[in-house]
Every structure is written in structure tokens, then in C-alpha cells.
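Residue numbers start from 1 in every chain, and the chains themselves are labelled A, B, ... in the order their sequence lines are given, proteins ahead of strands. Keep in mind the model is a prediction, meaning the values are calculated, not measured.
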Amino acid sequence: MRRRNNIFKGVDWILIIFYLILVFFGWITIYSATYVEGQAFVFNLNSNYGRQLFFILLSLVLILVVLAIDRRFYETYSGVFYLISMLSLLGLFVFGKNINGATSWYSLGSFSLQPSEFAKAATCLALANFLNERGRDLKKLSTQLKSFAIILVPAVLITLQPDPGSALVYGALVFVFYVFGLPLFYLIIGFLAVTLFLVTLYFGYGVSLLITFGLFTLFFVVLFYYNKVYFRHNWIVVVSIYLFSALFIFSVDYVYNSVFEQRHRDRFDIVMGKKKDDQGIGYNTNQSMITIASGGITGKGFLQGDRTQGDFVPEQETDYIFSAVGEEWGFLGSALVVMVFVLFLLRLIYVAERQKSRFSKVYAYSVLLIFFFHFTINIGMVIGLLPTIGIPLPFFSYGGSSLWGFTLLLFILVRLDADRIYEW
Amino acid sequence: MPRSFLVYVLILFVGIAYVGRLYFLQIHDDSYRQSPLNNSAVTVKYVYPNRGFIYDRNGVLLVANKSSYDVMIVPKDVKPLDTVGFCEMLKIDKEEFIKRFHKAKNYSPRIPSVFVPQVSKEDYAYLQEKMYKFKGFYIQKRFIREYPIQTAPNVFGYLSEVNESILKNRPYYQLGELIGYQGIEKEYEELLRGKKGVQYVQKNRFNNEIGAYKNGIYDTLPVPGQDLTLSLDIALQSYVDKLMQNKRGGVVAIEPSSGEILTLATYPTYNPDMLVGRERSKNTVRLFNDTISKPMLDRSLQAQYPPGSPFKILNGLIGLQENVITEETAFYCHHGYRYGSSGFMGCHCGMSGYPIRLNTGVFKSCNAYFANVYRKIIEKYDNPAEGMDVWSKHVQSFGLGNYLGYDLPSGQKGLVPDGAFYDRYYPNGRWRSVTTISNAIGQGEILTTPIQLANMTAAIANRGYFYSPHLLKKIGDSTKTIPKFTKRNYTTIKPEYFEPVIEGMFNVFEMGTARASRIEGIEICGKTGTAENFSRVGGKRVQFTDHSIFIAFAPKDDPKIAIAVFVENGYWGARWAAPIASLMIEKYLTGEVKRAALEKRIMEGSLEEEYQKQLQIENYVAEKK
């Protein structure tokens with residue numbers, strides 16, 4: 001093991017600067033969203049912004065620790081991390097504390113810890129370690145099954161808390177599989193399934209059956225026109241495509257109406273514009289959109305957003321934090337935040353691509369997709385493009401666990417990246 | 001690695017889509033840009049216009065406004081205060097203060113609610129000076145109704161705070177505002193209320209007002225409410241109040257030449273002041289929960305009675321129109337009318353053995369005569385249902401069985417049976433003309449309200465047409481007429497057929513059933529009525545004392561007033577209803593009443609004993625059950 005005197009040697013400063021910008025702007029926004037007149041003292045553990053500052057300072061300590069540890073430690077003990085992490089998720093069913101209907105927290109005095117935020121880093125490491133081994137080929141069914149198992153275990157445990165929103169994050173890792181060789185076929189099937197799912201929800205099964213069969217028939221007619229022989233050998237495929245799509249549509253209809261709960265259906269209906277209830281189930285989304293829209297081009301200014309100051313949007317310091325950005329900093333500010341996130345993600349791709357070991361590369365892509373997923377789902381929900389799925393916006397949303405979880409995720413990558421020159 | 005290309009595309013796609021969406025929300029689309037009304041940084045203040053006054057046909061002020069002051073609270077803005085001093089000022093104790101504060105806070109911490117309603121003028125002057133010390137409280141000036149002449153609450157209706165369903169359906173109204181709930185106040189709410197002015201006031205984040213929002217470009221001035229002139233003759237209405245003391249029933253008087261309602265009265269009534277001011281809620285309970293005398297029931301519009309003998313006039317008219325009788329056709333009365341094998345309808349006309357013609361039939365109110373006429377009408381057609389339909393159409397052309405289109409929000413349709421109606425009761429043609437013979441004398445299934453009878457009288461007075469009865473005479477100073485109220489509704493009876501019947505009605509006063517109510521020098525036409533009435537008490541059919549009914553119009557050749565009087569359980573028509581109508585006519589046409597003795601007898605007469613008796617019967621039967 002090589003000795004290093006400078007733990008910052010070789011780190012990617014651009015990523016760190018992005019991190020600092022996002023955390024700083026995030027804290028400013030939390031300050032504004034939770035500001036209470038007369039509580040002028042910034043470092044005040046009774047206020048949310050004071051606590052968040054405390055979390056940020058602790059995460060700086062966390063960064064130092066993460067960077068100080070050798071990269072091989074993460075690789076070697078990834079399995080152990082994964083195991084501990086899964087045990088911590090299991091332990092919730094016994095020792096967990098119920099907050100807002102989900103048993104996702106360990107309570108330690110006045111602070112609570114959310115293990116699912118740390119499970120992401122552990123899963124990414126485990127996945128990287130698994131795919132790093134010799135002979136792992138995502139074109140093979142056994143590798144596919146095992147890979148999917150690695151992400152399914154935390155996803156199922158988190159769904160049972162129940163916190164299905166946080167569990168969905170693991171779905172994003174399927175893209176990592178794709179980057180590392182999973183056939184495109186899987187993504188296409190997945191994409192078609194999601195599309196068909198939405199089409200069925202929107203139009204009902206009758207019309208969507210008609211649309212699907214129409215498109216398939218058109219497709220096959222064209223195919224038949226060019227290649228008559230194809231059908232002679234593949235007629236079973238054609239028939240089963242019809243059968244499966246019909247089965248899928250009916251099962252979507254069944255699942256949606258019989259398995260989903262009303263609140264889930266409501267969320268879909270609101271985003272798809274089938275239902276409008278700005279005072280009840282659609283209240284959050286509507287308030288959030290009004291708040292963002294009220295910002296205009298330049299925004300109302302720091303601490304001047306009357307809707308943010310008046311706590312119009314519920315959960316505005318956690319899941320809906322982006323609405324405060326939209327109101328107080330306007331289009332310029334909120335578009336800037338979106339662009340900073342996009343640039344941050346592009347930098348992550350760049351960093352991922354330059355990794356030499358497969359372990360680091362898989363890990364880097366996993367980190368990238370987790371950030372991407374959080375960013376997409378959270379902001380999409382706040383601006384009314386996606387249904388309500390309660391997951392935090394990285395570095396912005398209030399909460400120690402999520403901040404530390406994301407910090408851990410990112411800085412393990414920074415550590416791995418810094419040592420890439422030694423990896424052969 | 002080409003596969004990472006997909007991830008690039010996804011990230012850029014999401015980035016572009018989100019920036020585009022933000023552009024759409026924050027710059028392009030106006031639908032989420034809130035009007036200042038919904039912006040929390042801007043407070044809306046309303047300036048309430050004066051509600052319109054209401055006058056009677058002679059310009060007497062009936063309904064006016066007085067100011068009242070409510071102490072309002074915005075719980076969010078309340079700062080620690082000198083509670084003891086404040087409570088002393090408002091004359092409430094500390095527990096009351098805490099209770100009201102929590103109630104207001106539970107309703108909404110931001111939206112103002114009434115803390116102490118309707119403070120007196122003296123207290124207001126004192127409070128006004130001290131109010132600045134108490135943050136979160138302020139005084140809101142409002143107008144409440146005032147009634148210089150305390151009568152006709154059923155006509156005016158009353159104001160009440162808007163309820164949830166109004167708030168939902170009519171966005172003009174805010175919580176705590178007043179809206180017309182009944183009567184003219186409801187019917188002409190939009191004319192009376194005017195339009196409130198709106199001021200937008202900019203606030204900073206410490207909730208201090210810092211001036212008009214955008215220099216007041218969105219502000220609007222209040223539009224004052226319109227004054228209404230009603231067709232009511234308040235002198236006549238008040239006079240009827242005196243005549244109807246201690247009696248129950250409905251009295252309606254209409255000017256036949258215009259359809260204007262001169263009097264619309266129901267008894268027992270109440271003082272309109274009872275539903276205004278601090279005692280209001282207490283009185284509301286008392287009035288609405290009185291299920292015995294039912295003061296909130298407008299008997300002139302909502303009570304459905306059998307019309308009794310006045311209805312014979314219509315049967316006479318229909319007989320003439322259908323050519324089944326002429327003026328000269330005569331029938332005999334044998335102390336009644338025998339029909340079928342066992343049916344018998346008694347008669348008190350006392351003309352047994354003489355031929356009775358139409359004129360006599362009317363003024364003697366002969367049951368047998370009209371039973372014959374009715375039977376001839378129905379039997380003119382091949383089957384009774386057809387005859388019944390023709391008869392029903394004629395009756396309905398007088399506005400019976402119809403809401404009449406008057407300008408008040410409440411009413412009843414009454415009932416005019418037709419062929420289909422009896423087919424339902426006696427299926428497969430198991431009924432004949434005599435089955436429904438009670439219709440000949442206004443008993444049986446037919447039901448009418450006092451205003452319908454008054455309108456019918458007006459149609460007879462006009463010899464064949466009527467205008468929709470209405471109360472609105474003038475809006476503000478405008479002289480425009482309302483087309484709905486100036487359209488003549490013609491009856492299906494030819495004008496010349498009215499004369500013989502009207503002659504009969506004239507003789508009712510000259511030598512008929514209402515001789516005692518005759519007035520020297522005024523030619524009155526009328527018809528008495530005595531309606532049997534039954535009620536179902538605990539499943540048993542109980543007969544109560546007959547209703548006393550009278551219709552009249554005067555003068556005979558140039559009718560100025562048409563009246564219908566219903567006195568519940570008043571024994572017979574000539575006993576209460578006829579004198580009341582004749583006194584009203586004297587009062588209206590000559591301005592004074594010379595028959596002091598009759599007036600005294602009517603005013604002092606009471607039917608309370610009768611109603612007590614009725615209550616006892618009801619209780620007795622109910623107990624026995």
C-alpha cells in the first residue's frame with residue numbers, strides 16, 4: 001500500500017467546485033425557505049437552516065475521512081458495506097421510527113438517520129465489485145440475474161418501509177447495465193412497457209389495445225412487404241407479440257385499478273391532466289407551480305418570495321425546495337441551477353469515461369445515474385411534469401442523511417478517480 | 001464507448017426540457033401568473049356600497065340601512081396585548097376572549113373573521129381611538145337593514161351571511177358577507193347589492209401595508225345598489241295586519257289593470273327587525289322552530305288550500321264557453337244534488353223548488369246548480385278523461401296550478417287535476433264525471449294558493465286576461481317596463497261570457513251570501529267560500545273547522561283592486577274573509593273606513609281558541625294512536 005501525504009493529490013477539483021456551489025446555493029435556499037423573522041443568528045441548532053449548516057460542516061469532515069482512505073479499501077470491503085447496509089435496512093423493521101407514514105428512520109436523540117440514503121453508495125460499490133470480476137458478462141443470463149438481484153434487494157426492502165419513491169432510484173441502475181453490455185433489447189422492452197403503461201392509463205385499455213395492435217399491424221405489413229420469407233419462420237413471434245401486448249395492457253389496467261391505492265392513481269391523473277383538484281390531492285403540485293411561475297424572469301429576490309416566506313408550498317424545504325429557487329431567483333436562477341446540475345452530470349460522464357479500472361467505471365456510472373435520477377424526478381415533480389414521487393434534490397433538500405449519502409457517493413468517486421493513475 | 005451516448009442524450013434532453021418548462025411557467029404562460037387577488041403579498045380590501053333602499057308604490061320608505069361595526073381579527077397578526085383592558089373595552093370576559101380567539105384561529109390564521117359583531121355606535125367611537133394599540137384587530141363597517149315600518153317580512157325577506165355552497169358557486173361573495181336569503185332581497189339581490197369596490201394594497205414581508213398595489217391600476221370603485229320601488233301599498237298592508245290579528249291565513253290584493261301586487265300578507269307574521277342585529281340568532285331559532293304557528297311559512301304563496309265556492313265561478317264560465325249552459329239555463333235544487341245510486345251533495349242555498357239560473361246560482365252559491373253544470377261540461381265529451389282535460393285546460397288558463405311567474409323566490413304550484421290524474425287513481429276507466437263531482441264546488445282534489453285565487457279574481461275583473469302578478473314597480477329612477485310583467489295572459493273564456501257571472505258576483509253583495517259586508521256607494525263583486533278541510537293526524541283522517549274564503553274585486557266596471565282572503569278555520573266565508581275583504585276595499589278606494597263597528601269586531605276577533613282546539617285534537621288523536 002502506497003503512502004500518501006496529500007489526500008487531495010490528483011482529486012478532480014471541478015467536481016469538488018460543483019459540489020461546493022450546489023451545497024452553498026442549497027443552503028442559501030434552505031435558509032430562505034425556513035427563515036423565521038427574529039432568528040437572526042445563523043448557527044442556530046433550533047432552526048432548520050442552522051442544523052443544515054451543521055450537517056454541511058460534518059459532511060466536510062466526512063469528505064476528509066473518505067479521501068484519506070485508500071481506494072482499495074472500498075473495493076475490498078464493498079461486499080461488507082453492502083451487507084451492513086442491507087442489515088441496517090432490515091433493522092428498520094424492528095428499531096425504525098415512523099415519520100410521515102414510512103418507517104425509514106433510526107432515531108438518535110434529536111437527530112434521525114435514514115439508512116436508505118447510505119444504501120445507495122453501498123449498492124453502487126457492490127455492483128462495481130460484482131461486475132469487476134472476471135467472466136462477468138451482461139450478455140449472459142446468469143450475470144444479468146445476479147446484477148438485477150443486487151439492486152432488487154435494497155429496492156424491495158425500501159419499498160416495504162414503505163418508501164417506493166426512494167426504491168425507484170435503483171431502477172436507474174439498469175442504464176449502468178446497459179452501458180456495460182446489457183443488450184439494448186432490454187431497454188427497448190422496458191421503454192415500450194413504460195410507454196404502453198402510460199398510454200393505457202391515459203386512454204383506457206380499449207383504445208390502447210386498438211392503438212398498439214394498429215401500430216404492430218402496420219409494422220408487420222411493411223415488414224411483410226419487404227421480406228415475405230421472414231414470416232414463414234417467425235409467425236410464432238408475431239402472434240406472441242400480439243398476445244403479450246394484450247396481456248400487458250389488461251394487467252396494467254388491473255394493477256392500476258386493483259393494486260394501486262387511490263393516492264397513487266390521483267398522482268398519475270393529475271400529471272396527465274385527467275383530474276384537477278388544486279385544493280386537495282393536487283394542492284402541492286399546483287402551489288409549487290404557482291410559486292415558481294410567480295418568480296418571473298428575475299425572481300423576487302432573496303428572502304422576498306412572499307409565497308416561500310408564507311410557507312405556501314408544503315415540504316418546501318425538503319422535496320419542494322426547488323420552488324423556492326424558482327420564486328426568489330426567477331427564471332434566470334432556476335434555469336441556472338438546472339444548467340449547473342446538467343454540467344455536473346456531464347462532468348461525471350467525463351470522469352466516468354476516463355476511469356481505467358472496470359470497478360471505478362461501473363461505480364462512476366452508477367453515481368452518475370443516481371444523481372441524474374434524483375435530479376430528473378425531483379425537479380420534474382416540482383415543475384409539474386412528473387407525478388409526485390417524494391425524493392430529495394441532491395445537495396438542496398434539507399436533511400443530514402441525504403446530504404451525507406450524496407456526499408459519500410460523490411467523494412468515493414473522487415477518491416477512486418484521484419487514484420486512477422495507479423490502477424492497472 | 002458508444003453506449004454512453006445514450007446517457008449523454010438523456011441528460012441533455014432532460015436539461016433542455018426542464019429549462020423549456022421553466023421558461024414556459026415563468027415567462028411565457030400567464031395562467032399560473034397569479035392575479036393580485038391571489039398573491040399573498042397583496043391584500044385585497046373591499047369597499048362595500050350602500051345596499052339599495054326599498055319603497056312602496058307611494059314612495060314610503062320601507063327598507064333602509066343603518067351602519068353597524070364589527071370588530072375583526074386576523075389571528076396571525078395578533079401580538080401580545082393588554083387582554084384585560086381589551087376585554088373591558090369590548091365588554092366580554094377573558095374566557096370568552098380566549099374562546100373566540102381560538103375559534104378564529106381554527107377558521108384561518110390569515111383570513112379576517114368577526115371577533116365581536118355589531119358593536120354599538122357609542123362603543124365604536126371609543127374603540128376607534130384605542131384600536132391602533134391592538135395589532136391584529138380592526139373595525140369593519142358594515143350596513144345592516146333597518147325597517148321604518150315593521151310589516152311584510154315575507155315580502156322583503158332577509159339578509160344572511162353567505163353559506164358554503166354560495167361561496168363555492170358564486171365567487172363574488174366572501175365569507176362573512178351578507179346576501180339576500182328570501183323575498184325581494186333574494187330575488188333582486190344583484191340590483192340591491194350593487195357591486196363592491198376592490199382595493200389592492202401592497203404589503204411587505206412584515207405584513208405592513210406599504211401603499212396601493214401598482215398605484216391602484218387594478219382598483220375599482222364600488223357601484224351603489226339600486227333603490228327599488230315596489231307595487232306594495234304599505235298603508236293597506238299594515239291595515240290588513242290589524243284586521244288579521246290573532247288569525248291565520250293569507251291575504252293577497254292585486255291591481256287587475258297592471259298585475260301589481262298591492263298586498264301580500266301572511267299570518268301569523270313577525271317583526272322584520274327580529275332578523276337583524278345582535279338578537280338575530282336567538283330569534284332565528286324561535287321563528288324557524290315554531291312548527292305550530294309556522295311564522296316563516298308564507299301562506300299567501302306557499303299554503304295550498306281547496307278553493308271552495310269561489311271556484312264555482314270558473315265552472316260557470318267554462319259552462320258558458322263550452323256551450324253546455326246559457327245564462328238562462330235553469331236547474332232545480334233539492335236541498336242538494338243527488339247523483340248515481342247513493343251519492344248526495346248537500347246544499348244550503350234554500351232555493352228548493354225554484355228554477356235556479358246562473359246569476360242566482362252564483363250569489364246563492366248553490367251546490368246543486370254547479371254540480372249540474374260541471375257534469376254537463378265533463379259529459380259533453382265522449383269519455384270523462386277527455387272532458388276532464390278540456391275542463392283542466394280552461395282552469396289552468398286562469399293561472400291555477402302554476403307558479404304564475406311572480407318575482408319572489410318561494411311558492412307552490414297548487415293542483416289542477418286532469419284526465420290522466422284520475423286515470424292514475426281509477427285505472428282502466430273506472431271513473432265517471434260524478435266521481436269527480438267535488439270539483440264543481442272547489443273541493444275535492446283541486447288545490448290553490450291565495451295568490452293564485454287573487455290572480456284568478458283579477459282575470460275575472462279584467463274580463464278574460466291577467467298580467468303576471470309582481471312586486472317590482474320601478475328600479476331606481478328608470479321608467480323602463482319589464483316585458484315579462486306587461487304581457488297579457490289571456491284565458492280561454494270569451495270576454496262576453498264574463499258579464500253574467502260578474503252580475504252574479506255583484507249580487508253576492510246586494511242580496512247574496514255577503515250582504516252584511518256591503519259598502520254604500522261602492523259596487524263590489526265577490527264570492528264567498530267555505531272550504532272543508534281535513535288533515536291526516538297519526539294516520540287518521542280528521543276534519544277541522546272549515547276555512548273562511550273570500551274573493552272580491554271593485555269597482556265592478558273599472559276594477560282597481562282584486563282580493564283573495566283565506567282565513568284558516570274561520571267557519572264560513574261570510575264570517576271573517578268577506579268583511580276583511582270589504583274593509584280592505586273601502587280602505588283602498590276611499591282612504592278611510594266608516595264602518596267602525598265592523599272594523600272593531602274584525603280586529604278584536606280571535607281564532608286562537610279554534611287553533612288551540614285543533615292542536616288538542618291533533619295531540620289527542622296522536623296519543624290515541
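Aromatic pair B/Phe115/B/Phe137: centroids less than 6.0 angstrom apart.
With a 4.5 angstrom heavy-atom cutoff, A/Phe372 touches chain B only via side-chain atoms. There is no contact between A/Leu336 and chain B, counting heavy-atom distances below 4.5 Å. For chain B, the nearby parts of A/Phe331 are the backbone and the side chain; heavy atoms of each come within less than 4.5 Å. For B/Leu12, the part lying near chain A is the side chain, with the backbone staying farther off; criterion is any non-hydrogen pair under 4.5 Å. Using a 4.5 Å cut-off between heavy atoms, A/Phe341 does not touch chain B at all. At a 4.5 Å heavy-atom cutoff, A/Phe344 makes no contact with chain B through either its backbone or its side chain. Residue contact with chain A, scored on non-hydrogen atoms closer than 4.5 Å, involves the side chain of B/Val14 exclusively.
Within the cation-pi definition used here (under 6.0 Å to the ring centroid, within 45° of the axis), B/Lys196 qualifies as a partner of B/Tyr46.
A/Lys140 has no carboxylate O lying under 4.0 Å from a charged side-chain N of A/Asp137, or vice versa, which leaves the two without a salt bridge. Salt-bridge formation is not detected for the pair B/Glu95/B/Lys99: no Lys NZ or Arg NE/NH1/NH2 atom is positioned less than 4.0 Å from an Asp or Glu carboxylate oxygen.
In the model, B/Gln26 has a side-chain atom that pairs as donor or acceptor with a side-chain atom of A/Ser334 under 3.5 Å. A donor atom on one side chain and an acceptor atom on the other are found under 3.5 Å apart for A/Glu353 and A/Tyr365.
Ranked by heavy-atom pairs under 4.5 Å with chain B, the first of A/Val342, A/Leu187, A/Leu184, A/Leu369 is A/Val342.
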